[in-house]
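In what follows, a single structure is set out as structure tokens and then discussed.
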Amino acid sequence: MIYLNGDRTSWQEAKLSPEMLLGRNFVYTIINTYAHQPMHVALRLHYALNSYQALYGVRPTITAEEIENQVRELLYYGIYPEHGNTLTLYLIPDSEGECEVLLTHLASTPYDGYSLLSLRPKAAIANYEIPFEKHQTAVSLTAARFADSFAQRNGSGIALRANRAGSLISSGDNPLYALRGDVLLTTAIEKGARPSAERDLMKRACEMAGVQIVEGELRTDEMGDYEEIIAFTPCGIQMVGSAGDMLLHSITAHRLEPHLKALTREGILR
């Protein structure tokens, strides 16, 4: 079951062409839910609509309330488990310059709302650039998946993206943070990071926990100075267990964990 342009339908009935999903550079965002209730949809839609307008010159006329209702109905009529669902919202340009809006179920997870993810994978650094890197697009998603797949084929669990300037930017399409001493560092937007809902949510979680984020630059040549590396994903905080031969702690992650339930409640209440 999917929603296409506001109508509930199925993949078979919609008759979507492969070109629509594979041949167009869509903008996307991932929506997490708690008990079938979508979280922070207005925030996610804000960034998605901004990106679509920046890339295609028009702003789709969809509202957070419309998407929230579609999420609830898709999960209900699709008979998905009550907890732990993520959905992907795609804004897809058509051949006439209009925007097609597609909402699909992505995955069911063992997590309720925002959580501290249990796995602590080994990370490999992948150096690559992305066109229009300030936006979550089909290009950034494909590149992130390819980098993770490459890392896994070579014995790691995830890839950390670094650019040609030697700055650590993200884990997939998710913002990255590193602990050095008692300071939590992240690469600034002007150094290549992307403004995003995940970045805002991490900032909010740190405010709740009294953790100060310092924006600057995470350097690949300073990896040995970092005691901890974490990312904020649509489902919550992803810890990195190791990078190369360096074992990493989870100090900040566990400090933030008690506040993720409050972040979940805020997401439902908007």
Side-chain angles (χ1 to χ4, degrees), residues 2-8 26-76 78 80 82-93 98-107 109 111-115 132 134-138 140-141 170 172-175 189 193-209 213 231-237 256 259-270:
I2 63 174
Y3 263 89
L4 180 62
N5 298 326
D7 296 324
R8 190 172 71 249
F26 54 75
V27 170
Y28 83 98
T29 188
I30 296 175
I31 300 169
N32 194 9
T33 64
Y34 176 81
H36 284 194
Q37 299 301 312
M39 299 186 298
H40 291 108
V41 173
L43 179 63
R44 297 188 174 284
L45 195 57
H46 165 76
Y47 283 106
L49 293 177
N50 282 355
S51 289
Y52 196 92
Q53 186 171 21
L55 295 173
Y56 297 106
V58 295
R59 194 174 187 86
T61 55
I62 52 177
T63 68
E65 184 178 5
E66 290 171 339
I67 299 303
E68 288 165 352
N69 290 335
Q70 291 174 25
V71 167
R72 294 186 192 100
E73 292 196 4
L74 191 153
L75 294 177
Y76 176 79
Y80 289 103
E82 186 173 353
H83 297 290
N85 292 288
T86 55
L87 301 93
T88 307
L89 178 68
Y90 300 92
L91 306 181
I92 309 171
E98 299 296 326
C99 176
E100 299 197 74
V101 182
L102 174 65
L103 179 69
T104 69
H105 183 264
L106 174 62
T109 76
Y111 303 109
D112 293 336
Y114 300 116
S115 304
F132 309 108
K134 300 301 186 200
H135 310 283
Q136 288 192 178
T137 65
S140 70
L141 180 61
S170 62
D173 268 348
N174 303 311
I189 301 248
R194 174 190 298 129
S196 68
E198 281 71 32
R199 191 177 179 91
D200 289 356
L201 293 171
M202 179 62 168
K203 181 179 179 181
R204 177 61 180 141
C206 287
E207 288 173 352
M208 293 180 186
I213 297 175
F232 198 96
T233 79
C235 290
I237 295 173
L256 294 171
H259 302 278
L260 295 177
K261 289 184 179 180
L263 195 66
T264 295
R265 289 194 297 270
E266 286 188 359
I268 295 170
L269 297 173
R270 282 204 284 154

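In this structure, V101 and L89 have side chains that are in contact, with non-hydrogen atoms separated by less than 4.5 Å. Side-chain atoms of T264 and M39, non-hydrogen and from C-beta on, do get closer than 4.5 Å to each other. Side-chain contact between N174 and P234 is present, with heavy atoms from C-beta onward closer than 4.5 Å.
In this view, F132 and L55, H135 satisfy the side chain to side chain contact (heavy atoms under 4.5 Å, CB included) rule, not counting sequence neighbours. With sequence neighbours left out, the side chain to side chain contact (heavy atoms under 4.5 Å, CB included) criterion links T33 to P38, V71, L75, N85, L87. Residues passing the side chain to side chain contact (heavy atoms under 4.5 Å, CB included) test with A107 are T86, sequence neighbours excluded. Listed by chain and residue number, nothing satisfies the side chain to side chain donor-acceptor pair (under 3.5 Å) test with S115 (two or more places apart in sequence, or in another chain). Every side chain to side chain donor-acceptor pair (under 3.5 Å) that E198 has, sequence neighbours left out, goes to R44. For Y80, the ring-ring contact (aromatic ring centres under 6.0 Å, His included) partners two or more places apart in sequence, or in a different chain, are H105. Judged as a side chain to side chain contact (heavy atoms under 4.5 Å, CB included), and not counting sequence neighbours, the contacts of Q53 are R59. Listed by chain and number, the residues in a ring-ring contact (aromatic ring centres under 6.0 Å, His included) with Y47 amount to none (sequence neighbours excluded). When the ring-ring contact (aromatic ring centres under 6.0 Å, His included) test is applied to Y56, the partners found at least two apart in sequence or on another chain are Y52. Legend: residues meeting salt bridge (Lys or Arg N to Asp or Glu O under 4.0 Å) with E82, ordered by chain and number and at least two apart, are absent. Applying the salt bridge (Lys or Arg N to Asp or Glu O under 4.0 Å) criterion to R199, with sequence neighbours excluded, gives E215. With sequence neighbours left out, H36 forms a side chain to side chain donor-acceptor pair (under 3.5 Å) with no residue at all.
Other residues, nucleotides and ligands contribute only 12 or fewer heavy atoms inside 6.0 Å of the NZ atom of K203.
In plain terms, the two heavy atoms of L91 and A48 that are nearest each other are CD1-O, 3.8 Å. Q70 approaches L103 most closely through the heavy-atom pair CB-CD2, 3.7 Å. Minimum interatomic distance between V27 and S51 (heavy atoms only, all atoms of both residues): CG1-CB, 3.9 Å.
Rounding to the nearest 0.5 angstrom, the gap separating the NZ atom in K134 from the CG atom in N50 is 14.5 Å. One distance of note links CG of L141 with OG1 of T137; it measures 8.0 Å at 0.5 Å rounding. With rounding to the nearest 0.5 Å, the separation of CZ in R204 from CG in L256 is 12.5 Å. Summarising the geometry, atom OH belonging to Y114 is positioned 6.0 Å from atom CG belonging to N32; distances are rounded to the nearest 0.5 Å. Here the straight-line distance linking atom CG of L260 with atom CG of L201 works out to 10.0 Å at 0.5 Å rounding. Rounded to the nearest 0.5 Å, atoms SG (C235) and CG (L106) are 8.0 Å apart.
S140 contributes no side-chain N or O that, together with a main-chain N or O of Q136, makes up a donor-acceptor pair within less than 3.5 Å. In this structure a side-chain-to-backbone donor-acceptor pair under 3.5 Å is missing from S170 to D173.
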(message) Would E73 and Y3 count as a side-chain hydrogen bond (donor to acceptor under 3.5 Å, both in side chains) here? Give the steps.
(response) CA-CA 9 Å; E73 292 196 4; Y3 263 89; 2.6 Å; yes
(request) Could you please spell out the steps behind the side chain to side chain contact (heavy atoms under 4.5 Å, CB included) verdict for R194 and I189? (result) CA-CA 6 Å; R194 174 190 298 129; I189 301 248; over 6 Å; no
(message) Between I237 and F232, is the side chain to side chain contact (heavy atoms under 4.5 Å, CB included) condition met? List the steps.
(response) CA-CA 5 Å; I237 295 173; F232 198 96; 3.9 Å; yes
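L49 pairs with exactly one of T61, T63, I62, V58 by the side chain to side chain contact (heavy atoms under 4.5 Å, CB included) rule, that one being I62.
Checked for salt-bridge contact, D112 and K261 miss the test: no charged N lies under 4.0 Å from a carboxylate O.
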